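Written out below as structure tokens is the structure these notes cover.
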Amino acid sequence: DTLFVEDYAKGNKSIRIKEHYAVVLYNEALKLTDSVEKSKELSRIIPILDTVLSINPRYLECHVQKGLINLKLGNCQSAVSSFETATKIAPSFLSAQGSLAVAYLSCAREKEAYDLSMKLLKTETSISDTTFNAYVGASKVLYNKGFKTESKSLGKELLKIHPDNDEILNLLGIINDEEGNYQEAYQYYQKATSINTTNAKVFLNFGNTCFRLNKKQEAIANFEKAIQINPNYTKAYQSLEFVYTNIGNLDKAKYYRSKY
């Protein structure tokens with residue numbers, strides 16, 4: 001670090017040293033736990049990158065680095081600008097395009113984020129776990145912001161890559177539930193719960209779908225599993241009370257009502 005500081009201060013070394021120094025600062029800043037201090041350290045990197053870009057405006061790595069920093073700082077428009085510039089310099093640099101999709105989401109440009117994500121998923125021959133998880137996050141954001149059709153389409157594309165991703169399976173279960181496609185939702189939840197046996201919320205969702213399909217005993221089993229995972233899960237107790245009331249077992253309904 002001392003060598004980098006000295007070289008940067010002299011200003012007579014290559015611009016690549018400055019860019020490498022920025023990377024060192026960035027990685028060190030990410031280790032900080034104090035959010036104010038982290039923002040302060042990230043902010044001081046941008047002038048270094050701007051110095052490099054003033055010398056070489058087409059320095060791809062600097063545009064990407066600047067975009068990542070602005071994303072961390074919550075400056076989504078600046079991040080979009082940096083990533084868009086990077087993709088113009090190197091259209092085949094898929095990592096920059098993936099980051100651009102994330103930046104679009106941060107700026108509430110959901111349709112653009114969706115279109116770019118779908119394009120990338122059909123283009124990339126291999127995808128890292130980090131990038132895949134970013135797409136999973138994007139599908140959840142799309143759903144939460146009301147873009148259910150886009151979220152569903154993106155989720156299905158993601159399952160082609162990782163068919164056993166329980167987060168996407170659960171999300172597709174929820175969307176199909178809300179669309180009234182209970183049999184499809186059942187299949188997604190069934191697979192999700194077989195993969196991840198520790199998520200109480202998914203078992204609750206599965207139980208609700210079972211009830212809608214008149215699979216009441218299976219619904220009870222899923223609600224009980226949810227409670228086994230989380231003994232303080234009020235919604236699961238309420239669901240068991242509801243099911244037992246529905247089938248006329250009032251003693252059981254009363255018992256579960258007393259639990260919350």
Side-chain angles (χ1 to χ4, degrees), residues 101-102 104-122 132-230 232-247 253 256-257 260:
V102 173
Y104 280 149
L105 274 180
S106 298
C107 286
R109 294 166 64 174
E110 292 88 357
K111 190 65 171 62
E112 290 166 282
Y114 167 74
D115 290 341
L116 183 53
S117 295
M118 292 294 283
K119 173 188 171 184
L120 290 173
L121 283 172
K122 293 175 181 178
F132 181 84
N133 289 333
Y135 286 132
V136 172
S139 65
K140 291 179 180 178
V141 171
L142 287 168
Y143 169 78
N144 290 331
K145 292 193 174 184
F147 292 82
K148 294 182 182 179
T149 300
E150 290 80 1
S151 177
K152 185 177 181 179
S153 296
L154 180 55
K156 286 184 174 182
E157 286 297 320
L158 291 170
L159 281 187
K160 293 177 183 178
I161 301 170
H162 288 303
D164 293 336
N165 185 275
D166 61 289
E167 291 183 78
I168 290 297
L169 288 166
N170 179 51
L171 179 61
L172 290 174
I174 291 171
I175 295 173
N176 277 285
D177 242 340
E178 293 176 352
E179 292 175 342
N181 304 322
Y182 301 129
Q183 192 58 50
E184 286 186 52
Y186 177 93
Q187 292 170 356
Y188 283 123
Y189 289 137
Q190 186 178 50
K191 187 169 183 179
T193 53
S194 70
I195 294 166
N196 185 349
T197 60
T198 62
N199 191 325
K201 187 172 183 179
V202 181
F203 278 98
L204 180 77
N205 293 342
F206 191 16
N208 287 331
T209 297
C210 289
F211 182 82
R212 294 185 182 102
L213 290 171
N214 206 32
K215 299 175 183 285
K216 296 177 182 177
Q217 290 304 316
E218 192 171 355
I220 289 171
N222 280 299
F223 295 142
E224 288 177 341
K225 179 63 177 179
I227 290 171
Q228 182 183 335
I229 298 167
N230 180 5
N232 300 313
Y233 201 178
T234 299
K235 287 184 177 180
Y237 288 114
Q238 291 173 331
S239 296
L240 282 166
E241 178 197 355
F242 177 81
V243 176
Y244 278 116
T245 300
N246 181 268
I247 64 178
Y256 283 111
R257 185 165 60 250
Y260 66 90

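Computed from a prediction, not measured in an experiment: that's the story for all the values here. Hydrogens, waters and symmetry mates play no part in the numbers below; they use all other heavy atoms, side chains included.
The backbone N or O of Ile168 lies less than 3.5 Å from a partner atom in the side chain of Asn165, making a donor-acceptor pair. Of the possible donor and acceptor atoms, none in the side chain of Ser139 sits under 3.5 Å from a partner among the backbone N and O of Ser151.
The distance between the ring centers of Tyr114 and Phe147 does not fall below 6.0 angstrom.
Between Asp115 and Lys111 a salt bridge is recorded (basic side-chain N to carboxylate O distance below 4.0 Å). Ionic pairing of Asp164 and Lys191 is present here: one or more N-O contacts between side-chain nitrogen and carboxylate oxygen are shorter than 4.0 angstrom. Salt bridge status for Lys148 with Glu179: absent, with no side-chain N to carboxylate O gap under 4.0 Å.
Counting heavy atoms from C-beta on, the side chains of Ile229 and Asn199 never come closer than 4.5 Å. No side-chain heavy atom of Phe223 sits under 4.5 Å from any side-chain heavy atom of Gln238. Side-chain atoms of Lys156 and Leu159, non-hydrogen and from C-beta on, never get closer than 4.5 Å to each other. Asn222 has its side chain out of reach of Tyr189: every pair of non-hydrogen atoms, C-beta onward, lies at least 4.5 Å apart. At a threshold of 4.5 Å between non-hydrogen side-chain atoms, the residues Leu240 and Ile227 count as touching.
Residues that satisfy the ring pair (Phe, Tyr, Trp, His ring centres under 6.0 Å) test with Tyr143, not counting sequence neighbours, are absent from this structure. In terms of the ring pair (Phe, Tyr, Trp, His ring centres under 6.0 Å) criterion, residue partners of Phe242 (sequence neighbours excluded) are, by chain and number, Phe211.
Annotation for Leu204 and Ala226: closest pair N-CB, 4.3 Å, computed over non-hydrogen atoms. When all heavy atoms are compared, the tightest approach of Gly173 to Ala185 is O-CB, 3.4 Å.
The ring-ring contact (aromatic ring centres under 6.0 Å, His included) pairs that include a residue from residues 159-186 are Phe132-His162, Tyr186-Phe206, where partners are two or more places apart or lie in different chains.
A 6.0 Å sphere centred on NZ of Lys235 holds no more than 12 heavy atoms belonging to other residues, nucleotides or ligands. Atom NZ of Lys201 sits in a sparse spot, with 12 or fewer heavy atoms from other residues, nucleotides or ligands closer than 6.0 Å.
Side-chain atoms of Asn170 and Asn205 form a donor-acceptor pair, as typed in the model, at a separation below 3.5 Å. At a cut-off of 3.5 Å, with distance as the only test, a side-chain donor of Tyr260 or Glu241 sits close to an acceptor on the other residue.
Once rounded to the nearest 0.5 Å, the distance linking CG of Leu121 with CG of Leu154 reads 6.0 Å.
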